[in-house]
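Each remark here refers to the structure printed beneath this line.
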Amino acid sequence: MSRRRDIEFLRIIATFLVVWYHCPSDLPDIAYSGLIFFVIVSTHFSVLEAAVVEYVSGRRIGRILGIWLIWYCVYAAISVMDGKINHYLGGSVGALLLVGPAVHLWYLPFLAAVISVSTKIALVLRRPILLVGVGAFYSASMWLVDEWRPWAMGLGVPWAQYVHALPAISVGVLFAAASKLDWQARAAFLLFMLTATLPAWHAVGVGVTYFAGVALAGPILLVWRQGWLVTKFAPLSKYMLGIYLIHPILIRGIRHVLEADGVVLATLVFLLSLAAVAGIYALAPRIARAVM
């Protein structure tokens with residue numbers, strides 16, 4: 001499946017939002033929508049690629065978990081040097097195994113699971129069942145946000161993040177299942193998902209976050225699918241995983257020398273991370289592709 005420049009460009013925007021969230025952001029609900037975008041898009045293409053699941057998804061999962069293990073070791077070494085090894089060893093077994101020394105690492109094993117599960121869903125269920133089932137699940141998750149959100153937050157890292165991202169999987173599955181419909185029907189499904197989000201609007205970290213994530217991913221996946229945005233910046237998207245992996249290191253480093261926060265810090269971190277990752281790709285491309 002060929003890459004689309006509009007999606008690749010929006011990956012850059014979404015990565016910046018994630019970096020902004022960790023700075024931290026003064027608009028966290030908007031910033032966290034970048035991660036929701038990533039889950040939706042990853043699920044969407046995993047379902048569409050289900051015909052070659054045994055080969056493609058297996059290689060992707062292996063690569064993701066390999067990169068996760070490398071960076072788990074990197075951040076564990078940093079924690080040892082900082083004398084903070086006992087901090088993350090004192091957490092739950094799940095947190096120790098899946099996250100370890102850096103909270104943001106929760107996303108990689110989760111992404112591997114998303115690719116595996118969403119592909120199997122696409123192979124087992126027929127499209128009408130997918131459309132009805134995931135639409136109902138997403139609507140219920142928004143309506144019942146006051147029931148599951150406090151419970152999820154009490155689970156701690158990484159389970160709170162996993163539960164929070166589950167509705168995004170349903171959005172990606174629905175968008176993929178609806179992809180063969182005519183554009184009016186696809187637009188109607190997008191409008192349905194946006195409307196279904198409104199009951200959770202009051203919920204911090206859910207309503208606005210999901211509305212923004214769906215609004216960012218939906219138009220390019222469902223309505224304008226011919227590459228409506230062509231930009232020379234889109235090729236930079238290959239550096240985004242590297243930026244995600246190293247940006248916490250740069251956040252800490254910049255804070256040692258500058259009193260910056262919010263969007264200013266996020267911009268500095270993003271640009272310096274981009275320069276660092278691009279430099280690694282230029283100097284050692286094979287190593288770069290293996291570790292980021």
Side-chain angles (χ1 to χ4, degrees), residues 11-28 30-35 37-39 42 63-91 94-112 156-158 160-161 165 233 236-292:
R11 288 183 195 273
I12 299 173
I13 301 300
T15 303
F16 174 79
L17 290 175
V18 173
V19 172
W20 186 25
Y21 178 80
H22 289 149
C23 279
S25 169
D26 46 356
L27 295 172
I30 296 295
Y32 202 71
S33 66
L35 189 133
F37 169 86
F38 280 125
V39 175
S42 297
R63 180 174 183 270
I64 290 168
L65 292 179
I67 291 173
W68 165 76
L69 181 59
I70 290 170
W71 286 92
Y72 187 107
C73 295
V74 168
Y75 280 99
I78 292 174
S79 293
V80 170
M81 290 186 292
D82 286 347
K84 296 181 179 179
I85 189 72
N86 291 329
H87 175 72
Y88 80 88
L89 287 178
L96 175 62
L97 294 178
L98 297 173
V99 178
V103 173
H104 74 300
L105 293 179
W106 74 267
Y107 179 67
L108 294 181
F110 178 79
L111 178 59
V157 178
Q161 286 87 343
F233 297 109
L236 297 177
S237 67
K238 72 178 182 180
Y239 305 135
M240 295 304 108
L241 178 57
I243 291 175
Y244 180 82
L245 291 168
I246 72 169
H247 78 272
I249 299 173
L250 294 187
I251 289 175
R252 187 173 65 170
I254 292 174
R255 278 179 165 166
H256 278 308
V257 296
L258 293 176
E259 292 186 5
D261 215 338
V263 70
V264 173
L265 178 59
T267 302
L268 289 172
V269 169
F270 183 85
L271 293 177
L272 289 175
S273 299
L274 175 60
V277 174
I280 295 172
Y281 265 90
L283 296 173
R286 294 183 63 180
I287 294 176
R289 286 191 293 269
V291 303
M292 57 183 60

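For the single chain, residues carry numbers from 1 onward in sequence order. FYI, side chains are in, hydrogens and waters are out, and symmetry mates aren't considered; it's all heavy atoms of this structure. Everything quoted here is computed from the prediction, not taken from an experiment.
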Seminar exercise, completed: Correct closest heavy-atom pair for P101 and A76 would be CG-N, 3.1 Å

Problem set entry | Side-chain (S42) to main-chain (V39) donor-acceptor, under 3.5 angstrom | no

Exercise. Do the non-hydrogen side-chain atoms of R252 and V269 ever get within less than 4.5 Å of each other?
Worked result: no

Problem set entry | Trace of the side-chain contact (heavy atoms from CB on, under 4.5 Å) decision for F16 with V263 | CA-CA 10 Å; F16 174 79; V263 70; 4.1 Å; yes

Problem set entry | Working for side-chain contact (heavy atoms from CB on, under 4.5 Å), residues F38 and T15 | CA-CA 9 Å; F38 280 125; T15 303; 3.2 Å; yes

For this session: Please work out which of the three classes, parallel, tilted or perpendicular, describes the rings of Y32 and Y21, given edges at 30° and 60°.
Result: tilted

Exercise. Can you tell me how far the CG atom of L250 sits from the CG atom of L274, to the nearest 0.5 Å?
Worked result: 11.0 Å

Problem set entry | NE2 on H104 to OH on Y244, rounded to 0.5 Å | 6.0 Å

Exercise. CG/L258 to CG/L265 distance, rounded to the nearest 0.5 angstrom?
Worked result: 8.5 Å

Exercise. Just how far is it from atom CD1 of I280 to atom CD1 of I246, taken to the nearest 0.5 Å?
Worked result: 6.0 Å

Problem set entry | Validation row: I67, M292 side chains within 4.5 angstrom (heavy atoms) | no

For this session: Work out which heavy atom in P109 is nearest to a heavy atom in L65; give both atom names and the distance.
Result: CA-CD2, 4.1 Å

Problem set entry | Minimum heavy-atom distance V19-A266, with the two atoms named | CG1-O, 3.8 Å

Problem set entry | From CD1 (I254) to CG (D261), nearest 0.5 Å | 11.5 Å

Problem set entry | Donor-acceptor pair, side chain of W71 and main chain of V291, under 3.5 angstrom | yes

Exercise. Given the rule in the side-chain contact (heavy atoms from CB on, under 4.5 Å) test, do L241 and I64 qualify, once you have shown the distances and angles that lead to the verdict?
Worked result: CA-CA 10 Å; L241 178 57; I64 290 168; over 6 Å; no

Problem set entry | W68 CH2 to L111 CG distance, which is reported to the nearest 0.5 Å | 13.0 Å

Exercise. Is there a side-chain contact between D26 and W20 (heavy atoms, below 4.5 Å)?
Worked result: yes

Exercise. Within a radius of less than 6.0 Å around CD1 of I287, do more than 12 heavy atoms belonging to other residues, nucleotides or ligands occur?
Worked result: no

Problem set entry | Exam field: side chain R63 to backbone R289, donor-acceptor pair closer than 3.5 Å | yes

